[in-house]
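Quick caveat: nothing in here was measured; it's all calculated off a predicted structure.
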Amino acid sequence: MAMTTDVHLRDLRYFLTVAEELHFTRAAERLYVSQPALSKQVRALERQLGVELFRRDRHGVALTGAGEALLPYARQVVDDWAAGAAALDAVRAAGRSTLTVGMSTSPGRGGLLPAIRSRFTAAHPETTVRLRQVSWEDPTAGLADGDVDVAFVWLPLPDAERYAWTVVAEEARLVALPEAHPLAARAELDFADLADEPFLALPESTGPLRDYWLALDEHPGRTVRVGAEIAGTEETYEALVAGLGICLVAAGNAPLITLGGVVTRPVRGVSPSRFVLAWRKGDRSPLVRGYAAACAAVHPNPG
C-alpha cells in the first residue's frame, strides 16, 4: 500500500536524533523534549509508516533494516529544509536590514546626509539607516572594532590599508582662535605665524590623525606645545574660549565652534582636509556598496 500521509519534519528530526544517539534519553535531552514524549512520537511515526524503525531490547536501541533504509533520506530532507530556512532568513534579513553609519562630527555640510539618505533609501527602501555618534578617541568612528558598517571620517586613517573610502568633501583647514587673540585681527595667517602658539590636540589614541590636525606632517621637525587635549566639539569650544590653545579645523566644521568668542581665519601653507565615507576593505555587503554609491553620486562641492 502506498504511503498517503505526509510525515512531519519534526518526526523525521526525532527519528534522526534517536538514530544518531541510539539512546532515547540522550536523544530527548538533545531535542529538549521528555523521553516518554519522544518514544510516543517515534511509535506514532512507525505506525504511520507501517514499519518498525528501531529494535528496543535490554541491550539498548538499534536501527532495523527499515530504519537504515530511511536514514539517508530523512537526513536529506532535514538538511534541505535547514538550507531552505536559511535562504529565507537571508532574504528577510536583506529586506529589513540595518546599515549602521558611524561619525564623530556630524557631516552637516549643506544637507549632505539627507541627500545621501534619500538616494540610498530609494535603492534600498526596506533598510533602516542607523546613525551612531562615536567619540573622537576612535578616529575610525567605529569601523575598527566592527561597531559600524560605514563611517564618515577624516583622513589619514590609522591602519589605512584595512579600509577603502570615497571622498565626501575636500575642505580648507582654518585656524580657530579666541576672538581676543592678537592674531585674530588679521584677515589671513601664514602657518609660520602659529609657531609659538599652544595647540589643542586630539587624544593620543588617534595616532596619525592627531599629528595631522597639528599639521606635523606638513612641517616636519616642528615641535608643538599642546595646551590641552580635546575629544569633542563642546570641549574644543570651551578650551578655545578659555584661551588654552588654538587649533586647525575643517571649513565645514567651523560653524560648530564659532559660537560666541571664537573666530576662524584662513591659513596659508596648510593642505586641505579630506572628509570621506570609509568601510572595511573586502566588505562585499550590497548595503555598504549602495551607501558608498549614494555618497559618490551626491558630489557636494569640495571646499
Side-chain angles (χ1 to χ4, degrees), residues 99-124 127 129-136 138-144 146-176 191 202 206-218 233 236 247-257 264 266-303:
L99 181 80
T100 307
V101 180
M103 61 186 66
S104 313
T105 318
S106 164
R109 299 178 166 70
L112 179 65
L113 220 48
I116 294 168
R117 178 182 286 232
S118 65
R119 248 175 202 279
F120 177 76
T121 306
H124 302 272
T127 300
V129 177
R130 206 167 268 146
L131 301 181
R132 178 167 298 166
Q133 286 286 157
V134 181
S135 111
W136 289 0
D138 175 6
T140 73
L143 274 182
D147 278 352
V148 303
D149 303 304
V150 294
F152 287 102
V153 292
W154 298 97
L155 297 184
L157 279 168
D159 302 321
E161 66 289 343
R162 291 182 55 194
Y163 308 103
W165 56 78
T166 180
V167 176
V168 170
E170 194 165 278
E171 298 176 348
R173 283 188 281 176
L174 310 175
V175 64
F191 193 73
L202 289 171
T206 61
L209 202 60
R210 172 182 166 115
D211 295 350
Y212 177 80
W213 288 103
L214 293 172
L216 293 185
D217 308 6
E218 310 236 337
T233 311
T236 307
C247 65
L248 293 176
V249 50
N253 284 351
L256 301 175
I257 53 167
T264 55
V267 189
R268 283 183 296 263
V270 178
S271 67
S273 62
R274 285 191 299 158
F275 189 58
V276 304
L277 176 86
W279 57 93
R280 287 177 289 278
K281 237 185 219 162
D283 189 335
R284 296 263 170 270
S285 152
L287 297 183
V288 166
R289 297 184 171 277
Y291 200 82
C295 264
V298 165
H299 279 317
N301 297 321

**OP:** With rounding to the nearest 0.5 Å, note down the distance linking CZ in F120 to CG in L287.
**Re:** 5.0 Å
Original post:
Any donor and acceptor pair, going by atom type alone, linking the side chain of R132 with main-chain N or O of D147 inside 3.5 Å?
Top reply: yes
Subject >> Exceeds 12 heavy-atom contacts within 6.0 angstrom, atom CZ of R130 >> reply: no
Original post:
Which value, rounded to the nearest 0.5 Å, describes the distance between L248 atom CG and T264 atom OG1?
Top reply: 11.5 Å
Original post:
Looking at A251 and L174, what are the two nearest heavy atoms and their distance?
Top reply: CA-CD1, 3.9 Å
Original post:
When rounded to the nearest 0.5 angstrom, what is the spacing between CG in D159 and CZ in R280?
Top reply: 13.0 Å
**OP:** Quick one: sort the W154 and F275 rings into parallel, tilted or perpendicular, breaks at 30° and 60°.
**Re:** tilted
**OP:** To the nearest 0.5 angstrom, please state how far the CG atom of L113 sits from the CG atom of L131.
**Re:** 5.5 Å
Original post:
Between K281 and Y163, which heavy-atom pair has the shortest distance, and what is it?
Top reply: CE-O, 3.4 Å
**OP:** Might you point out which heavy atoms bring V134 and A141 nearest each other, and give the distance in Å?
**Re:** CG2-O, 3.4 Å
Subject >> Closest non-hydrogen atom pair, P139 against L209 >> reply: CB-CD2, 3.7 Å
**OP:** Please round to the nearest 0.5 Å and tell me the distance separating atom CG of L157 and atom CG of L143.
**Re:** 7.5 Å
**OP:** Flag the pair W136 / T233 as yes when at least one side-chain heavy-atom distance between them is below 4.5 Å, and no otherwise.
**Re:** yes
Subject >> Considering all heavy atoms, the nearest A292-L277 contact >> reply: CA-CD2, 3.7 Å
Original post:
Which atom names give the shortest non-hydrogen contact between R210 and L202, and what distance separates them?
Top reply: NH1-O, 2.7 Å
Original post:
Regarding R173 and the six-membered ring of F191, is the cationic atom NZ or CZ under 6.0 Å from the ring centre and inside 45° of its axis?
Top reply: no
Original post:
Between T121 and T127, is any pair of side-chain heavy atoms under 4.5 Å apart?
Top reply: no
Subject >> Distance in Å, H124 NE2 paired with L99 CG, rounded so as to fall on 0.5 Å steps >> reply: 9.0 Å
**OP:** From the options V148, D149, T166, select the one residue that forms a side-chain contact (heavy atoms from CB on, under 4.5 Å) with W279.
**Re:** T166
